[in-house]
Amino acid sequence: MNREESLATMIGLQSTGLPEPQDVVQGAESSARSHTDILPSSPRWLTVRRFLRHRLAMCSIAFIGVLAVLAILAPIIAPHDPNSISTSAVRAAPSAEHLFGTDAVGRDVLSRLLFGARVSLTVGVAAAVSAAVIGTSFGLLAGLFGGWVDAVIMRLVDIVLSFPSLLVILLLVTILGPSIVTIIVVIALFEWPLSCRIVRQVSLSTKELDFVLAARAVGARQLGIMYRHMITSVLPPLTVTITLMCAAAILLEAALSFLGLGVRPPQATWGAMLQAAQSLTVLQQMPWLWIPPGLAIAGTVLAINFIGDGLRDAFDPRQRS
Amino acid sequence: MLSYIAHRIIISVPVLAGILTISFVLVRMMPGDPVRALMSPEEIAASPEFVARRRAELGLDDPIPVQFIAWVREVSQGNLGYSFRQRVSVTQMIGDRLGQSVLLALTGLIIALVVGIIIGVLAALKQNSWLDYLSSAGSMIAVSIPIFFLGLIAIYVFAIRLGAFPTGGMRTLTAEGTSLADTARHLALPAGVLAVNLMGPYVRYTRQGMLEVLRQDYLVTAKAKGVPQLSIAVTHALRNALLPLTTVIALQIPFLLTGLVIIEVIFSWPGLGHLMFTAIGGRDYPVIVAMVFMSAVLVMVFNLLADLLAAVLDPRIRI
C-alpha cells in the first residue's frame with residue numbers, strides 16, 4: 001500500500017470503490033440492504049449496529065445544529081456579558097446566578113462557553129471549506145492534466161504535508177499576530193493537501209470511466225467535463241474529507257488557544273478556557289472551569305467525526321466491514 | 001527493486017528542496033535582527049558601526065539567493081543558528097533535550113502499537129461482537145478528545161485523586177540522582193496519554209487488515225487442515241495484516257510531534273516540545289524555526305523509510 005492509497009483508506013475511500021450515483025441518492029436505505037446481503041451474521045447485531053450507526057450520525061447532526069443555533073443566538077441567550085468582570089464572584093462555584101460558575105476574574109462560564117462555540121464553529125467550517133477549495137482546484141488540475149502539472153502539484157503536497165501543522169501554525173501566529181482570520185488562513189494553507197490527494201485520485205479514476213470517455217468523444221470541452229462529470233464524482237468523498245478537516249481545524253484552534261496563541265483575549269474560546277486548568281489549584285478544586293469547555297471540544301469533534309462516518313457509509317456501502 | 005528505491009529517493013529531492021525553501025522563508029519572516037538580538041541596547045547605541053560591520057560579516061546584506069545558499073550550507077553542517085535569548089547554538093539546545101523527547105515519544109509509540117494491535121486483532125477475530133463495537137467507538141473517541149483535555153483528565157484522576165503518579169516533571173526533585181523507577185513513574189502518564197492519542201488509527205488499520213486477510217483462500221485452507229485458531233491469527237494473518245501499519249506509523253509522525261509539544265507542556269516534561277513552547281513565549285525565533293525545520297525533515301525521512309520498508313516487505317509494491 002503506498003502513501004496515497006493509505007491516506008485514502010485513512011478516510012475510508014478507495015479508488016476502486018467509487019460510489020455510483022444511485023448509492024448517493026438512496027443513501028442509508030441501500031446501504032442497509034446490501035449490508036444484510038453480504039454479511040452472514042446475527043440479524044439482531046446487524047439491526048443494533050445499523051441502528052446505532054445511523055442514529056449516531058443523526059444525533060450528531062442534531063447536536064451540531066443545536067450548537068450552531070446556540071452560537072448564533074449567543075448574544076441574545078447568554079445570561080451574562082461573556083467579558084464582564086466581577087470582583088464579587090471570582091471562581092464562584094455553580095449557582096442559580098451562574099449556572100456553570102465563574103472564572104478567575106469573575107466572568108460567567110456558561111456565557112463564555114456559548115461565545116466560544118462561535119469561534120470553534122467559525123474556524124472549523126471556514127478553514128475546512130477554504131482548504132477544500134484550494135485542495136479541489138489543485139486536485140482537479142493534477143488529475144485532469146497529469147504529466148508535469150501533476151508531478152509539481154504532488155511534490156507541493158508532499159512538502160506541505162511534511163510540516164506538522166500545529167508547529168508551523170504556532171510559528172506563523174507568533175510572527176503574524178493572533179487573529180481569527182490569520183488562524184483560518186494558516187490552517188487552510190496547511191490542511192488542503194488532504195483534500196487535494198483525494199480529489200486527484202478520484203478524478204484520475206473517473207477520467208477513464210466510460211461516460212467521461214463518451215463525453216470526450218462527442219467533443220465536450222475539458223472545462224465542461226471537469227464541471228459536469230468530475231464534480232459529481234468528487235463531491236461524495238470530498239464531503240467526507242471536509243468533515244475530517246473541519247474536526248482537525250477545531251482541534252488545532254483549540255490547541256492554539258490552549259497554548260495561549262489563539263484568538264486575542266478577552267475573546268472567549270474553549271481552548272483558552274481550558275488553559276486555566278494548567279494551574280493545579282483550578283484543576284483540583286474548580287472542575288466547572290475546565291470540564292465543560294473540554295467536553296464541548298471533545299463532543300463537537302466527536303459529532304463531526306460521526307457525521308463523517310455516517311456520510312461515508314451512506315455514500316459507499318461496499319466500504320462497510 | 002533498485003529502480004523503485006532510486007525513484008523514491010529522487011522524488012524526495014524536490015521535497016527536501018521545498019522544505020528548505022519554506023524554512024528559509026520562515027527564517028526571513030522572523031522579526032528582529034540577529035546581530036542586535038545578541039547585543040544589549042547600550043551596546044547597540046554605543047556602536048552602530050559595529051552593528052553594520054557585523055551585519056556585513058554575517059552576510060545579512062547580501063542578495064537573498066546568496067543568503068539562501070549560505071543558510072543551506074550552514075544547516076547541512078548542523079548549524080541551526082543561535083538562540084536570541086540564551087546566546088548558545090540552537091543545535092546544542094536541541095542536543096541537550098533530544099534524549100528526553102525520544103524517550104517519551106518511543107514509549108508512547110510502543111504502548112500505542114502494542115495495545116492498538118492487540119485490540120485490533122481481537123476486534124477482527126470477534127467481528128460484530130460487543131468488543132468490536134466498543135473498540136471502534138473507543139478509537140473514534142480517542143481521536144476526537146483533544147490531547148490537552150485528555151492530559152488534564154489523566155492528571156486529575158491519576159495524579160491528584162489517586163495520587164498514583166506525579167503531576168509532571170521528569171524526576172523527583174528531592175531524590176538524589178536519577179533512578180529508573182522514578183523516571184518510569186514520571187513517564188507513565190505522559191506516555192500513556194500520548195499512546196491513547198495515537199492508538200485510534202492503529203486499532204482501525206489492524207482490524208481492517210486482519211478482516212481482509214482472514215477472507216483469503218490460504219487462511220481458509222489453514223483452517224480446513226486444522227491449524228489452531230491462535231496460530232492462524234498470529235502467524236498466518238497478523239504478519240500480513242500489519243504491512244499497511246508501516247505506512248500508517250509514518251503518516252502519524254506529524255501527529256506524534258504535535259502531541260509531544262502539548263504533552264510536554266502539560267506535564268512539564270523537559271524535552272523539545274517544552275523547549276519550543278518556552279521559545280514561543282520568549283519570541284526566540286531561531287529556536288522555533290529550527291524546530292519546525294527539523295520536524296519537517298524528520299517527517300520526510302520517515303515517509304521515505306516507510307515507503308522503502310513497505311517495498312521490501314511487500315513485493316507487490318515494487319512492480
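Within every chain, numbering begins at 1; the chains are lettered A, B, ... in the order of the sequence lines, protein sequences first and strands thereafter.
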Q: For atom CZ of A/Phe63, decide whether the heavy atoms of other residues, nucleotides or ligands shown that lie under 6.0 angstrom number more than 12.
A: yes
Part of [X] lying under 4.5 Å from any heavy atom of chain B:
{"X": "A/Ala247", "answer": "neither"}
{"X": "A/Leu176", "answer": "side chain"}
{"X": "A/Ile250", "answer": "neither"}
{"X": "A/Leu156", "answer": "neither"}

Heavy-atom proximity to chain A below 4.5 Å, by part of [X]:
{"X": "B/Ile153", "answer": "both"}
{"X": "B/Leu243", "answer": "neither"}
{"X": "B/Tyr285", "answer": "side chain"}

Between [options], who has the most heavy-atom pairs with chain B when the cutoff is under 4.5 Å?
{"options": "A/Ala254, A/Gly294, A/Gly299, A/Ala298", "result": "A/Gly294"}
{"options": "A/Leu261, A/Val168, A/Leu259", "result": "A/Leu259"}
{"options": "A/Leu252, A/Leu167, A/Leu283, A/Ile297", "result": "A/Leu283"}

Q | is_close_aromatic(A/Trp270, A/Phe258), centroid dist under 6.0 Å | A | no
Q: For chain A, find which of B/Ser295, B/Ala296, B/Pro254 contributes the most heavy-atom pairs closer than 4.5 angstrom.
A: B/Ala296
Q) Taking B/Leu152, B/Leu256, B/Val292, B/Leu150 one by one, which has the highest count of heavy-atom pairs under 4.5 Å against chain A? A) B/Leu152
(Q) Determine whether B/Arg8 and B/Asp307 satisfy the following criterion, salt bridge (Lys or Arg N to Asp or Glu O under 4.0 Å), listing intermediate values before the conclusion. (A) CA-CA 8 Å; B/Arg8 192 56 194 79; B/Asp307 281 1; 2.5 Å; yes
Q. Would you say A/Asp150's side chain and A/Gly146's backbone share a donor-acceptor pair under 3.5 angstrom?
A. no
**Q.** A/Gln275 side chain to A/Ser257 side chain, donor-acceptor N/O pair below 3.5 angstrom
**A.** no
Q | Residue pair B/Ser139 / B/Ser136, side-chain donor-acceptor N/O under 3.5 Å | A | no
(Q) salt bridge (Lys or Arg N to Asp or Glu O under 4.0 Å) for A/Asp158 and A/Arg197? Distances and angles first, verdict last. (A) CA-CA 10 Å; A/Asp158 283 341; A/Arg197 278 190 166 168; 2.8 Å; yes
Q.
Pair B/Phe293, B/Leu26 - check side chain to side chain contact (heavy atoms under 4.5 Å, CB included), show working.
A. CA-CA 9 Å; B/Phe293 169 69; B/Leu26 293 175; over 6 Å; no
